[in-house]
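All values reported here derive from a predicted model rather than from experimental measurement. All chains are named by letter (A, B, ...) in the order of the sequence lines, taking the proteins before the strands, and each is independently numbered beginning at 1.
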Amino acid sequence: VRAVAYRLAAVALIAGGLAFTTDAFFTLPNVLNILRQASLTFLIASGLTLTILTAGLDLSVGANVGLSACLAATVMKSSDSIALGVATGLAFGAVVGLTNGLLVTALKLPPFIATYGMLWTLNGVTYWFMAGETIHGFAPGFRTLGSGYWLGIPVPIYVMAAFLAAGGIFTRYTTFGHEVYAIGANREAARLSGVPVRARLNLVYSLSGAMAGLAAIVYLARLNSAEADIGEALTLPAIAAVLIGGTSLFGGVGSLSGTLVGALTLTLVMNGMNLWAIDANWQPLVTGAIVLLAVWIDVVTRQRAEARV
Amino acid sequence: MGSRIPGAGYLLVVLLIVFSIFGEGFATLPNILNIGVQGSVLLLLALPMTLIIMSEGLDLSMGAVLSLAGVVLATLLMNGHSLALALAAAAGVGLTFGLANGVLVVALGLPPFVATLGTLGIAQGLALVLTGGQSVVGIGDALPALYESRIVGVPFSIAIALGAFLVFWLASRQTRLGAYISALGGNREALALAGVRVNLFHVGIYALGGLMSGFAALLLTGRMSAGHPTAAIGLEFDAVAAVIVGGTSFERGNGTLAGTLVGVLTIGVLRNGLNVLSVPSSLQVASIGVLVIAALVVDASIVALRRTAGSRA
């Protein structure tokens, strides 16, 4: 809890700095925009958080968002059914996730290799499938999901709040949640105490895929168009959000609320760079540096904790 | 360093037969040379990647570092500097990133895949910032001429790649390098007790990965006659795939450079054969993912077969 408080203080500090140095920062549209952007990052990062809690990783989330969005867009356009399109996106995302899970549990590939291979495989299929085309112009009812407002607040923020609440209960108060932490803390011990490790890992990777599918739907509704490169720049920020949020790459430590704070921090930094008119080409560099810093803090924290024992 | 044939060896034979039958113009000398030319950049990355993976590490930044080094090389050539200076700068960029990776992994203890994912972002960002996202063209004649030249009848890029392979292979055979690297993954303590400066050696392996990525920029830029900030993004995936397909394992610290050569050839043949069959390049990338899984399954079945044969005997 104290760790999350520190991180919230950091968010406040960055926000305060931006409010002082730019005029456009502390306006309602910009703040709502930041929250909406952060909610998208959070949706992608939340499933990823679960995989990292099990001491795994899902590098394919961004590419999964890309292909799920393109498939959902195609189905929605050709069937004229929002429900069918949404179902396609969610189902495909989950199938990709389950495949990742099976690569990890059945083929025993290290998670970062399995999901990294999945990244480039999905990426290739997406470019082939789209063949340079753009699909755009969806029904207004669907677009509400990404760009609509309810009581003056963007709809994606409600989606984020709902999944934060559900995910929080899921990880903290259910057996499944405890098992996820147990697998991450000590896989062998978890297995010996009766946790069905493989089945749980398959479920965790499926959930990560399904969340990518959901993010794809919200993203699609927000952009109102789908192109092959839609998911390309999403993975590194999602990983950064999880790590800034204090979830440890070594597994067993972290929380979804931390990931939300991480997503907010990252979005604030990117928003600040925008407001200071810094070229968007700097973004991967800054995100990369943030990832390194966050992992380093993670490693140092862990070493200190071990030294204390 | 066992002499077992990796699963890719069998896959390579199958691919060669299939493409020779169905791919028109596949089994011709110009096309075979073409496979070699296309595979040469990949081999330059896959050689150090083998050593890094044998040390139970990973370098995801190679593609981005290669792209950045290529952009630096092309920019210096465009501004009229000599090829030697430009190559030195590209190698310097690569070496710097390799050293940074090594320090992050060895000295700071960061998990290799995330540390190099971070440096990937930094290298990619720098390449984009340097070029404003544009291609660097007008690099003069020196590099294209060198690239088109032949050394004893062998295309320049193939000669360089084979030369690099020989250096790596001799180094691992004639010195204790190979044994040291295996021990880094499996038996670090024993290595330190044997008087090896383990950390320095470990950083060196990552530095080598960066340096080779920098050198590879010479071939890549020569082939394109231009520098592009995202030219080699994702090429490290091909390199990792070649290493895994070549039979190097992540967990046991064992692997061979010859296996990696087979892996690079298999990926080269797969890509080229699919090209000849006019399969789009985007699907070729996807097929490499399938190839990796196929190779792992073949390897696992070979092990299982041997085990049953062994228990019967």
Need one label for [X]: side chain, backbone, both or neither, based on atoms under 4.5 Å from any heavy atom in chain B.
X	value
A:F129	neither
A:L243	side chain
A:L119	neither
A:V125	both

Inter-residue atom distance [X].[atom1] - [Y].[atom2], 0.5 Å rounding:
X	Y	atom1	atom2	result
B:L51	B:L47	CG	CG	7.5 Å
A:I44	A:I239	CD1	CD1	11.0 Å
A:L107	A:I113	CG	CD1	13.0 Å
A:L234	A:D229	CG	CG	10.0 Å

So which of B:I244, B:L120, B:L60, B:V279 has the biggest tally of heavy-atom pairs under 4.5 Å with chain A?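 If we count pairs closer than 4.5 Å to chain A, B:L60 comes out on top.
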I'd like to know which of B:S282, B:G125, B:G118, B:G121 tops the heavy-atom pair count under 4.5 Å against chain A.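 Of B:S282, B:G125, B:G118, B:G121, B:S282 has the most heavy-atom pairs under 4.5 Å with chain A.
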For [Y], is there any backbone N or O sitting under 3.5 Å from a side-chain donor or acceptor partner on [X]?
X	Y	value
A:Y181	A:G254	yes
A:T235	A:G62	yes
B:T260	B:V243	no

Counting only heavy atoms closer than 4.5 Å, note whether [X] contacts chain A via side chain, backbone, both or neither.
X	value
B:L104	side chain
B:F113	side chain
B:V292	neither

Classify the side-chain pair [X]/[Y] by whether it contains a donor and acceptor separated by less than 3.5 Å.
X	Y	answer
A:N100	A:S208	no
A:T115	A:D58	no
A:S60	A:N64	no

When only heavy atoms count and the cut-off is under 4.5 Å, which of residues 271-292 of chain A reach chain B?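 A:N281, A:W282, A:P284, A:L285, A:G288, A:A289, A:V291, A:L292, listed by number.
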Which residues in residues 284-291 of chain B have a heavy atom less than 4.5 Å from any heavy atom of chain A?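 The residues closer than 4.5 Å to chain A, in numerical order, are B:V285, B:A286, B:G289.
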Mind running side-chain contact (heavy atoms from CB on, under 4.5 Å) on A:T247 and A:L53 for me, showing each step along the way? CA-CA 7 Å; A:T247 297; A:L53 281 175; 3.9 Å; yes
Identified side chain to side chain contact (heavy atoms under 4.5 Å, CB included) partner of A:V197 from the options A:T105, A:T54, A:I183: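 That would be A:I183; it is the only one of A:T105, A:T54, A:I183 passing the side chain to side chain contact (heavy atoms under 4.5 Å, CB included) with A:V197.
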Going by the side chain to side chain contact (heavy atoms under 4.5 Å, CB included) test, name the single residue among B:L128, B:T131, B:L126, B:V93 that passes it with B:V71.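 The option that passes is B:T131.
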Between A:L57 and A:Y116, does the side-chain contact (heavy atoms from CB on, under 4.5 Å) criterion hold? Intermediate values first, please. CA-CA 9 Å; A:L57 186 67; A:Y116 188 65; over 6 Å; no
Looking only at heavy atoms and a cut-off of under 4.5 Å, which of A:L122, A:L249, A:L103, A:T126 has the most pairs with chain B?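 That would be A:L249.
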